[in-house]
Chemist: 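Below you'll find the structure I mean.
Atoms within a ligand are numbered from 1 in the order they appear, just like the ligands themselves.
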Amino acid sequence: MADKIKNLKVKYLRVSLLNGCNFNCFYCRPSGVRQMASANKGEFEKFQMAIDLFYKIGIKKIRFTGGEPTLYGQLVDLITSTRMLGDDLHIGLTTNGLLLDKLAPQLAGAGLNSVNISLDTINENKFKKVTGLDRFNQVLAGIIRAEKHIQTVKLNCVSIKGINDDETAGMIDFANQLGVDIRFIEYMPNINNPDDRNRYISGDDIRASLPYRLRPMAKQPTGAARYFRSSDLKIRVGFINSVSHPFCDSCDRIRLSSDGRLYGCLFSGESIDLFSLMEADAQKPLDQIRQLVGRKKYLGCAGALEAPDNLPSFINLGG
Ligand code: SAM
Ligand code: SF4
């Protein structure tokens with residue numbers, strides 16, 4: 001099997017476990033859809049089979065996302081069974097942090113290596129405006145608990161013009177006090193909503209507005225973020241400039257949605273029905289996976305601004 005997919009470029013699988021969420025971040029869903037935790041949930045055994053297949057073909061990193069992955073009832077079991085594949089696999093989670101205060105110890109015990117917690121503001125009123133819920137303090141408790149139990153914790157903040165672009169320095173101070181790295185992600189406008197395009201602001205503009213002298217780290221970690229340090233800070237500050245500086249030519253990601261479809265890119269719209277193909281024969285999808293990866297278009301997440309309208313939304317594919 002190894003031979004058959006030797007040249008496969010993907011090393012990083014992102015699995016969206018469900019498309020429901022306990023938050024209502026205005027920028028994440030197709031326009032007008034307010035979707036709570038009802039949602040499409042993927043079947044446990046099918047996820048296990050898919051993860052097993054990808055591990056065999058050389059995936060080195062897996063991230064559980066959603067919707068909100070902590071609402072997936074078998075999350076801890078899935079991390080446990082994924083960890084059993086091997087200690088060489090990095091297992092990460094992206095979450096809004098609301099349930100981490102309760103779950104962090106179990107997640108760590110199951111073998112989770114890292115957690116990225118999404119936090120767009122530290123202003124409680126704004127938090128409610130962005131997420132639809134008045135739960136900033138519960139998320140803060142989750143961050144603190146995660147830090148105690150989970151090896152690596154990072155904060156992810158989507159920079160949105162007119163919403164939180166005046167708060168970046170404050171967010172960095174906040175992260176610095178907690179001792180966790182923070183990354184600023186360029187907002188990818190929802191193509192179905194023209195107003196959204198005005199909310200985009202580049203990572204370079206955000207960085208230029210900061211009072212810190214941020215120096216790029218000489219040795220950059222692998223991944224989408226470019227990291228900076230400052231003598232005033234103990235943490236690293238990262239920028240994920242997917243729109244202004246697309247990293248498509250080094251992209252090694254592939255994405256599985258909760259309904260079992262495999263996508264090469266957030267912005268290509270092209271997918272294969274992995275779960276159905278695996279039902280017939282667990283090894284059968286190899287050729288289709290290779291073809292899908294081969295057709296990744298490397299449009300750039302800048303493609304967000306001119307992408308076709310049949311794209312899965314972030315809440316379906318995990319951002
Ligand atoms: N619910 C989890 C969370 O919020 O972390 C995981 C799923 S969420 C879709 C994954 C990430 O996508 C979050 O960090 C979120 O901020 C980001 N995201 C959602 N919509 C986005 C957009 N339009 N542009 C940039 N990032 C977006
Ligand atoms: Fe939910 Fe995450 Fe989307 Fe916010 S960004 S609505 S927390 S899935």
Chemist: Examine distances only and state if a side-chain atom of Glu186 and a backbone atom of Ser159 form a donor-acceptor pair shorter than 3.5 Å.
Modeler: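 No, the answer is negative, given that no donor and acceptor are paired below the 3.5 Å cut-off.
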Chemist: Quick check on contacts: which atoms of ligand 1 are under 4.0 angstrom from a heavy atom of Tyr187?
Modeler: 23 (N), 24 (N)
Chemist: Considering only heavy atoms of Asn96, which atoms of ligand 1 have at least one such atom less than 4.0 Å away?
Modeler: 2 (C), 3 (C), 5 (O)
Chemist: Which atoms of ligand 1 are found less than 4.0 Å from any heavy atom of Gly66?
Modeler: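 Counting from 1, the qualifying ligand atoms are 7 (C), 9 (C).
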Chemist: Is any NZ, NE, NH1 or NH2 atom of the basic residue among Lys126 and Asp166 found under 4.0 Å from an Asp or Glu carboxylate oxygen of the other?
Modeler: yes
Chemist: I want to confirm something. Looking only at heavy atoms, which of Arg63, Arg14, Glu68, Met188 is nearest to atom 2 (C) of ligand 1?
Modeler: Glu68
Chemist: So, Tyr227 and Arg183: side-chain donor and acceptor under 3.5 Å apart, yes or no?
Modeler: yes
Chemist: Does Asp120 reach ligand 1 with a nitrogen or oxygen that is under 3.5 Å from one of the ligand's nitrogen or oxygen atoms?
Modeler: no
Chemist: Which is it for Thr94 and ligand 1 at heavy atoms under 4.0 Å: side chain, backbone, both or neither?
Modeler: both
Chemist: Regarding Arg255 and the six-membered ring of Tyr263, is the cationic atom NZ or CZ under 6.0 Å from the ring centre and inside 45° of its axis?
Modeler: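 Checked: cation-pi criterion not met.
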Chemist: Hey, does Gly67 sit under 4.0 Å from ligand 1 if you only count heavy atoms?
Modeler: yes
Chemist: I want to know whether Tyr187 and Tyr200 have ring centres closer than 6.0 Å.
Modeler: no
Chemist: Pull out every atom of ligand 1 sitting under 4.0 Å from any heavy atom of Val158, numbered as shown with elements.
Modeler: 16 (O), 25 (C), 26 (N)
Chemist: Ring centres under 6.0 Å, that's the criterion: do Phe275 and Phe47 meet it?
Modeler: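 Yes, they do, as the ring centres are separated by less than 6.0 Å.
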Chemist: Using a strict 4.0 Å cut-off to heavy atoms of Gly67, name the atoms of ligand 2 that fall inside it.
Modeler: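 Those qualifying, in numeric order: 8 (S).
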Chemist: Quick one: which ligand 1 atoms are inside 4.0 Å of a heavy atom on Thr65?
Modeler: 6 (C), 7 (C)
Chemist: Would you check if Ile185 and Cys157 make a side-chain contact, meaning some heavy-atom pair closer than 4.5 Å?
Modeler: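 No; the side chains remain at least 4.5 Å from each other.
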Chemist: Atom 1 (Fe) of ligand 2 to Cys21: any N/O/S contact under 2.8 Å?
Modeler: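 Checking Cys21: at least one N, O or S atom is under 2.8 Å.
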Chemist: Name all residues meeting the ring-ring contact (aromatic ring centres under 6.0 Å, His included) criterion together with Phe64; count only those two or more places apart in sequence or in a different chain, and write none if there are none.
Modeler: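 Not a single residue meets the ring-ring contact (aromatic ring centres under 6.0 Å, His included) criterion with Phe64.
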Chemist: State, yes or no, whether a side-chain contact exists between Lys46 and Met278 at a heavy-atom distance under 4.5 Å.
Modeler: no
Chemist: Under 4.0 Å from any heavy atom of Glu186, which atoms of ligand 1 are there?
Modeler: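 In order of numbering, the contacting atoms are 25 (C).
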Chemist: If I apply the N/O under 3.5 Å rule, does Thr95 come out as touching ligand 1?
Modeler: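 Such a contact does occur with ligand 1.
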Chemist: Out of Phe23, Phe64, Phe26, Tyr27, who is nearest to atom 15 (C) of ligand 1 when you count heavy atoms only?
Modeler: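 It is Tyr27 that holds the nearest heavy atom.
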